[in-house]
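Heads up: the structure comes next, in structure tokens.
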Amino acid sequence: QVQLVESGGGLVQPGGSLRLSCAASGRIFSINAMGWYRQAPGKQRELVASITDGGTTNYAGSVKGRFTISRDNAKNTMYLQMNSLKSEDTAVYYCNADLQPISSWARQNYWGQGTQVTVSS
């Protein structure tokens, strides 16, 4: 029913930029908080940035000033603009959302499939 579909990952040189997109589809009543997580090999998954339904944002210290999270509520889509990329940004990036399906009163948590971001010269 509900899906989070990511796009925009790829290979980029240090100092380059990428923009990730996450589109929520299905019968959704509302989307509350959304966020981007990443997981590098051998490391735990970590929160990169989050954004509430009202537009309040938070960033991990390692990306603050370089990454920008945003959302288009009319399109049920979230974005992550990544600038000044470093090799340590290399990871699989996952979209996450707390949302309410039309069929349920309860808010549920969903994950996207992940998209690979590789920063290398």
Side-chain angles (χ1 to χ4, degrees):
Q1 188 183 24
V2 175
Q3 296 183 62
L4 303 179
V5 181
E6 299 164 317
S7 61
L11 175 65
V12 65
Q13 293 186 348
S17 298
L18 285 173
R19 190 176 83 150
L20 306 182
S21 299
C22 172
S25 63
R27 300 181 65 197
I28 300 170
F29 178 74
S30 64
I31 302 177
N32 305 109
M34 303 185 76
W36 289 98
Y37 291 73
R38 68 185 181 188
Q39 187 167 22
K43 295 185 177 181
Q44 292 185 305
R45 188 172 299 186
E46 64 174 345
L47 177 66
V48 177
S50 64
I51 184 168
T52 68
D53 55 328
T56 301
T57 60
N58 285 287
Y59 298 90
S62 59
V63 307
K64 192 172 185 178
R66 299 188 295 121
F67 292 9
T68 302
I69 189 172
S70 62
R71 62 192 287 174
D72 185 336
N73 292 331
K75 298 180 179 180
N76 284 346
T77 301
M78 176 179 65
Y79 306 94
L80 185 67
Q81 178 66 47
M82 304 185 294
N83 298 326
S84 301
L85 283 162
K86 306 174 181 179
S87 60
E88 50 262 45
D89 295 317
T90 296
V92 177
Y93 284 71
Y94 297 91
C95 174
N96 180 266
D98 288 328
L99 55 84
Q100 183 180 355
I102 289 178
S103 61
S104 177
W105 62 268
R107 287 170 170 76
Q108 300 178 24
N109 186 260
Y110 291 84
W111 289 95
Q113 78 285 356
T115 184
Q116 177 71 47
V117 172
T118 302
V119 184
S120 177
S121 59

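At least one donor-acceptor pair closer than 3.5 Å links the side chain of Arg66 to the backbone N or O of Ser84. With hydrogens and angles ignored, the 3.5 Å screen pairs a side-chain donor or acceptor of Tyr59 with a backbone N or O of Ile69. Although no hydrogens or angles enter the test, the distance criterion places a donor-acceptor pair under 3.5 Å between the side chain of Thr90 and the main chain of Ser87.
Note on Tyr110: it clusters hydrophobically with Val48, by side-chain heavy-atom contacts below 4.5 Å among ILVMFWY residues. A chain of hydrophobic side-chain contacts below 4.5 Å, direct or via other Ile, Leu, Val, Met, Phe, Trp or Tyr residues, connects Val63 to Val12.
Shown here for Ala91 and Gln116, the closest heavy-atom pair between the two residues is O-NE2, 3.4 Å. Scanning all heavy atoms of the two residues, the minimum distance from Gln100 to Ser104 falls at NE2-O, 3.1 Å. Closest heavy-atom contact between Ser121 and Pro14: N-CD, 3.6 Å. In plain terms, the two heavy atoms of Asn109 and Trp111 that are nearest each other are OD1-NE1, 3.4 Å. For Val5 against Gln113, the heavy-atom pair with the smallest separation is CA-OE1, 3.9 Å.
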Under 3.5 Å, side-chain donor or acceptor atoms of residues 16-37 against the rest of the protein: list the pairs with distances, not counting sequence neighbours.
unit_1	atom_1	unit_2	atom_2	d
Ser17	OG	Asn83	OD1	2.9
Asn32	OD1	Arg107	NE	2.6
Trp36	NE1	Tyr79	O	3.4

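Atom CZ of Arg38 is separated from atom CE of Met82 by 9.0 Å, given to the nearest 0.5 angstrom. Rounding to the nearest 0.5 Å places OG of Ser103 at 4.5 Å from CD of Gln1. Here Arg45 contributes atom CZ and Asn96 contributes atom CG; the two are 8.5 Å apart, rounded to the nearest 0.5 Å.
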Applying side chain to side chain contact (heavy atoms under 4.5 Å, CB included) to Val2 and Leu99, what does each step give before you reach the verdict? CA-CA 9 Å; Val2 175; Leu99 55 84; 3.8 Å; yes
Evaluate the criterion side chain to side chain contact (heavy atoms under 4.5 Å, CB included) for residue pair Glu6 and Tyr94; output intermediate values, then yes/no. CA-CA 8 Å; Glu6 299 164 317; Tyr94 297 91; 4.2 Å; yes
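Using a 4.5 Å heavy-atom cutoff, the side chains of Ser62 and Phe67 are not in contact.
Atom CD of Gln44 is surrounded by 12 or fewer heavy atoms from other residues, nucleotides or ligands within 6.0 Å.
A donor and an acceptor atom, one from each side chain of Asp53 and Asn73, are nowhere located under 3.5 Å apart.
With sequence neighbours excluded, the residues forming a side chain to side chain contact (heavy atoms under 4.5 Å, CB included) with Ser120 are Leu11, Thr118, listed by chain and number.
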